[in-house]
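As structure tokens, the structure follows; a few thoughts come after it.
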Protein chains: 2
Amino acid sequence: MAGSDTRRRILDTALAAFGRDGYAGTSLDALAAELGVRKQTILYWFPSKFDLFEAVVDDTADDLADAFDEVAASGLAGLDQVQAIVDRVFRLAVHRPQVLGLVREVTRPESPTASRLGVRIRPLYDRARDFLMREMEAGRIRRSDPAMLLLSLYSAVVGMVTELEVQRTVGFEPTLRSTVMRRRELMRFLRAALTPENPAPAGS
Amino acid sequence: MAGSDTRRRILDTALAAFGRDGYAGTSLDALAAELGVRKQTILYWFPSKFDLFEAVVDDTADDLADAFDEVAASGLAGLDQVQAIVDRVFRLAVHRPQVLGLVREVTRPESPTASRLGVRIRPLYDRARDFLMREMEAGRIRRSDPAMLLLSLYSAVVGMVTELEVQRTVGFEPTLRSTVMRRRELMRFLRAALTPENPAPAGS
DNA sequence: CCCCTTGTCTACCAGTTGGTAGAGACAATG
DNA sequence: CATTGTCTCTACCAACTGGTAGACAAGGGG
């Protein structure tokens with residue numbers, strides 16, 4: 001059936017376009033041209049531009065959830081689990097950068113779809129927070145407010161992966177090698193931030 | 001002279017609009033309506049929408065540079081200096097959130113103005129990196145690649161301040177109180193990440 | 001063979017986009 | 001008073017926006 005294939009192609013190309021140019025910056029005409037199809041074909045599969053966007057967001061949420069499930073299934077503990085997640089996110093950034101671009105677009109203030117992604121991501125968030133809490137109890141991760149710590153982690157990881165332009169203007173060309181370096185440095189940073197304090201910490 | 005006042009008002013309102021809705025999402029008509037003025041008045045002061053955007057970016061770069069100069073002038077050392085910068089960024093986020101919104105817009109991949117902001121920000125970057133390097137030498141900050149560490153810091157701080165939507169969907173309403181909490185948690189996070197290792201560090 | 005569904009197309013629409021041309025209000029200056 | 005430069009306006013425009021209406025080709029089932 002050629003039809004559902006078209007639908008799939010629209011979703012994939014739209015993901016790239018929305019992630020690259022944002023919702024407002026993407027026109028159905030441009031998207032159609034990129035697909036080698038008429039705009040009306042897009043509107044056949046998705047009743048409106050906004051519906052298309054929502055479908056793309058849902059699709060992406062599934063992808064993200066799968067990626068994290070995969071990591072969670074490995075059942076690692078402490079910082080090894082954190083490392084596994086960082087590795088996974090970086091892999092995603094390398095292979096499907098559009099996904100991160102879309103996340104960036106959706107999580108912008110004033111975004112009408114933020115809650116949509118939020119609802120799908122919420123279980124992952126809860127699971128991650130519980131994980132942090134357990135690991136704190138077990139003394140494998142520095143004690144602090146788990147929800148807040150998770151927010152710090154999220155910021156650091158997504159920022160490092162997303163702020164490509166910042167990195168470029170500052171001299172890091174986003175080659176594969178520099179990506180590896182960034183991941184390594186980020187992990188060192190996170191390990192330092194998460195490792196429980198030693199018996200004799202340095203004073204304030 | 002009412003004229004230069006109009007120019008100022010356009011710049012301020014445009015900053016808010018671009019920061020809120022992005023470049024593509026902001027129309028000159030809407031901007032003019034918000035200003036209580038005709039679109040052509042905007043085009044009198046700025047030859048095109050893009051020129052306006054560049055002017056706003058330049059203006060914002062000056063603001064940012066001033067803010068950091070202010071902190072740098074205080075001449076603090078080690079983590080106190082880092083703390084002062086974080087405080088300053090959070091103050092900016094509370095009083096003029098549009099500025100960070102614009103930063104987010106400009107630093108998006110594919111942004112045609114990224115280099116424009118980059119050039120103006122570069123001296124600040126260099127100064128910050130030198131600072132980190134000096135403090136590492138002095139043993140007040142954990143040793144690592146200063147440029148990479150700076151990137152990690154940037155990601156964590158800007159992320160924490162910018163990802164309002166993420167925080168909202170996860171249950172943190174962006175009240176003033178929660179902002180204070182976020183800042184405190186972020187600082188604890190950064191202190192843990194930056195404090196030099198103790199004589200007897202935990203194993204890998 | 002006809003009919004109905006599926007999928008893509010052409011043709012079109014009203015509203016919005018960034019931008020141009022030029023008139024008029026106004027104050028300062030001669 | 002006349003002139004000049006500054007500033008904002010009305011009136012347009014071509015191109016593009018998301019979206020509608022409907023034709024048409026292809027195929028499957030009765």
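Both backbone and side-chain heavy atoms feed into the values below; hydrogens, waters and symmetry mates do not. Residue numbering restarts at 1 for every chain, and letters A, B, ... go by the order of the sequence lines.
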Touch class at under 4.0 angstrom, heavy-atom based, for L43(A) against every strand present: base
Distance, rounded to the nearest Å, where D21(A) contributes CG and dC16(D) contributes C1': 16 Å
Rounded distance in Å - CD1 (I10(A)) to C1' (dG7(C)): 11 Å
Whole-Å distance separating the CD1 atom of I42(B) from the P atom of dC9(D): 10 Å
Upstream residue (5' side of DNA chain D) when F50(A) and G36(B) are each assigned their closest nucleotide: G36(B)
Phosphate OP1/OP2 of dT6(C): any W45(A) side-chain N/O under 4.0 Å: no
Spacing of K49(A) atom NZ relative to dG18(D) atom P, expressed in whole Å: 4 Å
Under-3.5 Å donor-acceptor pair between K39(A) side chain and dG18(D) base: yes
Separation of atom CG in D29(A) from atom C1' in dC12(C), rounded to whole Å: 13 Å
Side chain of L28(B) - closest among dC9(C), dG19(D), dG19(C): dG19(C)
Separation of L15(A) CG from L11(A) CG (nearest 0.5 Å): 8.5 Å
Residue-phosphate contact under 4.0 Å: S27(A) side-chain N/O, dT17(D) OP1/OP2: yes
Polar contact flag, side-chain donor to acceptor under 3.5 angstrom, T107(A)-R104(B): yes
Whole-Å distance separating the CD atom of Q40(B) from the C1' atom of dT16(C): 14 Å
For atom CZ of R38(B) and atom C1' of dC12(D), their distance in whole Å: 15 Å
Option passing side chain to side chain contact (heavy atoms under 4.5 Å, CB included) with L64(B) (candidates L102(B), D69(B), L92(B)): L92(B)
Between dT8(D) (C1') and L35(B) (CG): distance, integer Å: 13 Å
Ion pair check, R9(A) and D5(A), cut-off under 4.0 Å: no
